[in-house]
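Structure first, then comments.
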Protein chains: 2
Amino acid sequence: MNKFWSPAIQSLVPYTPGEQPRIDGLTKLNTNENPYPPSPAVEHAIKHFSVERLRLYPDPDAGRLKDALASEYKLNREQIFVGNGSDEVLALAFMAFFRQTRPLLMPEISYSFYDVYANLFEIDYKKIPLDESFRVQLSDYSHENGGIIFANPNAPTGIAIELADIEALLKRNTESLVLVDEAYVDFGAESATSLVNKYPNVLVVQTFSKSRSLAGLRIGYAFGHPELIEALERVKNSFNSYPLDMFAIEAGCASLSDRAYLNKTCQQIIATRERSAEALEALNFVVCPSSTNFLFAHHRTLTGAELMTYLRERKILVRHFNKPEIANYLRITVGTDEEMERLIAALKAHPNIAS
Amino acid sequence: MNKFWSPAIQSLVPYTPGEQPRIDGLTKLNTNENPYPPSPAVEHAIKHFSVERLRLYPDPDAGRLKDALASEYKLNREQIFVGNGSDEVLALAFMAFFRQTRPLLMPEISYSFYDVYANLFEIDYKKIPLDESFRVQLSDYSHENGGIIFANPNAPTGIAIELADIEALLKRNTESLVLVDEAYVDFGAESATSLVNKYPNVLVVQTFSKSRSLAGLRIGYAFGHPELIEALERVKNSFNSYPLDMFAIEAGCASLSDRAYLNKTCQQIIATRERSAEALEALNFVVCPSSTNFLFAHHRTLTGAELMTYLRERKILVRHFNKPEIANYLRITVGTDEEMERLIAALKAHPNIAS
């Protein structure tokens with residue numbers, strides 16, 4: 001405690017991102033990064049960027065990037081917001097929409113930044129349990145609320161929600177905003193982008209950090225009705241006018257120009273994921289059905305903590321969450337085939353894992 | 001108004017950044033950008049950056065950049081915070097320190113983002129008038145307060161505050177934080193960085209956007225007591241874990257490695273500024289004494305609005321503020337000698353400007 005702090009700061013418990021150690025020879029399967037580099041179009045754009053231009057401010061509206069997104073996703077510029085990673089887009093959305101008298105609803109197990117935002121902005125919230133198979137059941141989101149947020153596919157479970165269930169929720173829940181966080185949607189779930197033209201109460205948030213291999217550049221975006229986008233712009237322009245730098249705008253546009261590369265690398269990751277899930281099941285793991293670039297799994301006899309430590313000693317990083325409901329699980333990013341074979345081989349070498 | 005908005009959003013009046021038009025042949029003297037490119041070390045760092053790395057998240061703590069700042073400014077890493085431009089650093093500081101029951105004090109005329117932040121975070125504030133020569137008189141900041149913020153040099157006046165006056169304020173005002181916004185300090189004011197080791201209640205905020213010619217990359221930072229930095233880290237990690245992308249970290253470090261270039265370009269701008277101020281005075285302008293890379297001036301007979309329009313028609317952009325106290329002034333960025341000669345020639349050609 002320090003007398004110069006705002007009183008509200010003292011009770012903040014910040015989000016803990018996965019580790020980013022720089023250790024040679026590490027197999028890094030802990031932060032859901034894409035194992036493939038970004039599209040060659042990104043490299044081309046960066047190599048041809050005139051560094052002299054950096055003396056100028058970027059376009060505060062990132063208009064070129066919005067136009068490229070509009071063209072790729074068949075929307076208008078007025079339906080698009082861009083920000084410094086989807087984390088910033090989510091934070092601004094919490095300010096813009098969820099500071100209500102009624103509580104925000106979110107899944108009991110989901111992206112753990114949601115409650116951090118709620119605490120930062122002093123937003124009351126209520127957590128809705130998953131069902132016994134770890135699925136988000138949107139029929140359970142029937143309490144009076146000032147907003148609903150969930151991830152589709154959900155994290156860290158990796159399980160997708162049916163688009164029909166989301167549409168039914170939008171029809172039922174007409175008085176508050178429904179935010180669908182689609183960070184992992186390109187790996188196999190159905191996007192709610194198609195609902196943006198039909199419903200004024202849905203905001204879809206996506207990112208360039210996962211399927212587009214641009215985590216290092218911090219680009220996130222949201223799709224929604226122009227009046228929802230206006231609220232985000234108001235908050236953004238009251239907070240930081242230029243959150244996207246020139247490289248983010250350039251690289252984002254370049255990535256959007258290469259849909260074939262996105263499709264190819266996503267298909268590779270999906271194929272590796274399915275093979276890896278089978279290999280883990282053969283080693284006595286229970287694996288949630290994943291529509292993402294990670295697998296959420298627990299072993300039938302070994303704890304998550306001991307497996308994480310065991311793998312770490314072998315220079316393989318996976319993510320483990322210290323929460324009672326999921327303490328036995330590991331979240332394993334889908335890497336290249338070679339990285340996943342390294343993981344499987346390390347697990348097979350464990351004295352107590354029967355293969 | 002839209003029923004999905006947080007009620008507080010409706011009354012927000014966002015900050016209006018200067019225009020960023022992309023028009024060929026424009027002389028752009030409206031957003032205080034540096035007329036010189038960034039250090040050649042920046043170009044080298046970017047050309048040698050391996051684009052493949054962008055698939056990974058950046059270091060959330062930007063440790064290398066903090067270490068480079070620590071080394072350049074003779075501080076410890078624990079005394080340094082970095083963010084997505086000094087605007088983001090300021091926004092996070094408002095959340096971390098100024099959400100108090102007593103009002104924040106700020107100059108009546110200063111960076112107009114300060115009241116935008118205060119409104120966004122529902123912070124009560126009191127504006128202290130400048131003296132008759134447009135100077136910030138810190139002896140006037142004696143009201144009970146929950147914090148004090150000012151820019152040194154002040155914007156848009158360009159006038160510096162004596163470091164002794166800042167130190168006297170820190171000694172007097174021991175119960176709340178004093179934030180010194182030094183965006184323009186390298187152009188001729190004395191930094192309060194030297195006070196960071198002596199006073200636990202001072203936070204110094206600087207940027208790479210002006211003197212280091214990196215506005216396009218969004219890098220700001222703060223110096224202060226480790227407990228102040230901890231508050232900023234808490235808020236940042238509750239808002240957005242990775243605000244600085246890989247290029248910002250790389251280019252920031254490269255820029256810090258080339259102090260000679262910084263000194264040389266700042267000296268060039270100062271020399272151009274002094275020549276331009278004299279030329280404007282010869283054209284019947286009253287020019288505030290500037291310690292920045294801009295000049296704040298008004299003509300003795302012509303209004304600010306008419307001069308801005310006149311210059312704009314000649315493809316010269318300068319900034320004009322629609323506030324009664326300063327409506328007659330123009331804020332003119334110091335460009336290259338050639339750009340300033342173009343400005344002076346255009347003014348000389350005005351039928352009602354006697355030379």
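Lettering of chains follows the sequences in order, A, B, ..., and the numbering in each one begins at 1.
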Subject >> Among the listed options B/D87, B/L54, B/V51, B/N34, the residue most often paired with chain A at heavy-atom distances under 4.5 Å >> reply: B/L54
Original post:
Which residues, numbered in order, of residues 59-67 of chain B come under 4.5 angstrom of chain A by heavy-atom distance?
Top reply: B/D59, B/P60
Subject >> Main-chain N/O of A/Q10 paired to B/R234 side chain as donor or acceptor, under 3.5 Å >> reply: yes
**OP:** Pick whichever of A/S213, A/A91, A/S176, A/G85 has the most heavy-atom pairs under 4.5 Å with chain B.
**Re:** A/S213
Original post:
With chain B, which of A/G147, A/P200, A/G146 has the greatest number of heavy-atom pairs at distances under 4.5 Å?
Top reply: A/P200
Subject >> Residues B/E227, A/N2; criterion side-chain hydrogen bond (donor to acceptor under 3.5 Å, both in side chains); working and verdict >> reply: CA-CA 7 Å; B/E227 289 190 10; A/N2 176 298; 2.6 Å; yes
Original post:
What option among A/V116, A/I9, A/L214 has the most heavy-atom pairs under 4.5 Å with chain B?
Top reply: A/I9
Subject >> For the student: nearest non-hydrogen atoms of A/E88 and B/N240, plus distance >> reply: CB-ND2, 3.5 Å
**OP:** Give a yes or no on whether the backbone of A/W5 and the side-chain of B/Q100 come within a donor-acceptor separation of less than 3.5 Å.
**Re:** yes
Original post:
Heavy-atom distance under 4.5 Å to chain B: side chain of A/F98, backbone, both or neither?
Top reply: backbone
Original post:
Out of B/L244, B/L217, B/N201, B/L177, which one racks up the most heavy-atom pairs below 4.5 Å with chain A?
Top reply: B/L217
Original post:
Are more than 12 heavy atoms from other residues, nucleotides or ligands located less than 6.0 Å from atom CD of B/E144?
Top reply: no
**OP:** May I ask you to decide if B/L120's main-chain N or O and A/S238's side chain share a donor-acceptor pair within less than 3.5 Å?
**Re:** no
Original post:
What option among B/L56, B/T101, B/I46, B/L12 has the most heavy-atom pairs under 4.5 Å with chain A?
Top reply: B/L56
Subject >> Between A/R212, A/H225, A/E230, the one whose heavy-atom pairs under 4.5 Å with chain B are most numerous >> reply: A/E230
**OP:** For this output row, return yes or no: ring centroids of B/F94 and A/F239 closer than 6.0 angstrom.
**Re:** no
Subject >> Shortest non-hydrogen contact between A/A215 and B/P58, atoms and distance >> reply: O-CD, 3.5 Å
Original post:
Would you find a donor on one side and an acceptor on the other, under 3.5 Å apart, between the side chain of A/S6 and the backbone of B/R99?
Top reply: yes
Original post:
Counting N and O atoms only, with roles assigned by atom type, does the side chain of B/N237 sit under 3.5 Å from a partner on the main chain of A/Y15, one being a donor and the other an acceptor?
Top reply: no
**OP:** Flag the one option from B/A8, B/S50, B/S209, B/A248 with the top tally of heavy-atom pairs under 4.5 Å to chain A.
**Re:** B/S209
Subject >> Max heavy-atom pair count under 4.5 Å with chain A, selected residue of B/E233, B/M95, B/K236, B/R53 >> reply: B/M95
**OP:** May I ask you to decide if B/Y57's main-chain N or O and A/E33's side chain share a donor-acceptor pair within less than 3.5 Å?
**Re:** yes
Subject >> A/R218 side chain vs B/Y242 backbone, donor-acceptor pair below 3.5 Å >> reply: yes
Original post:
Non-hydrogen atoms of chain B under 4.5 Å away: do they reach the side chain of A/Y36, the backbone, both or neither?
Top reply: backbone
**OP:** With sequence neighbours left out, write down each residue that passes side-chain contact (heavy atoms from CB on, under 4.5 Å) with A/N32, or none if nothing qualifies.
**Re:** A/Y184, A/K210, A/N293, A/F294, A/R331, A/T333
Subject >> Aromatic ring proximity B/F247/A/F247, centre distance under 6.0 Å >> reply: yes
Original post:
Counting heavy-atom pairs under 4.5 Å to chain A, which of B/G83, B/A231, B/P37 comes out on top?
Top reply: B/A231
Subject >> Under 3.5 Å: donor-acceptor pair, side chain of A/K47, backbone of B/K47 >> reply: yes
Subject >> Gap separating the CG atom of A/N84 from the CG atom of B/D245, nearest 0.5 angstrom >> reply: 7.5 Å
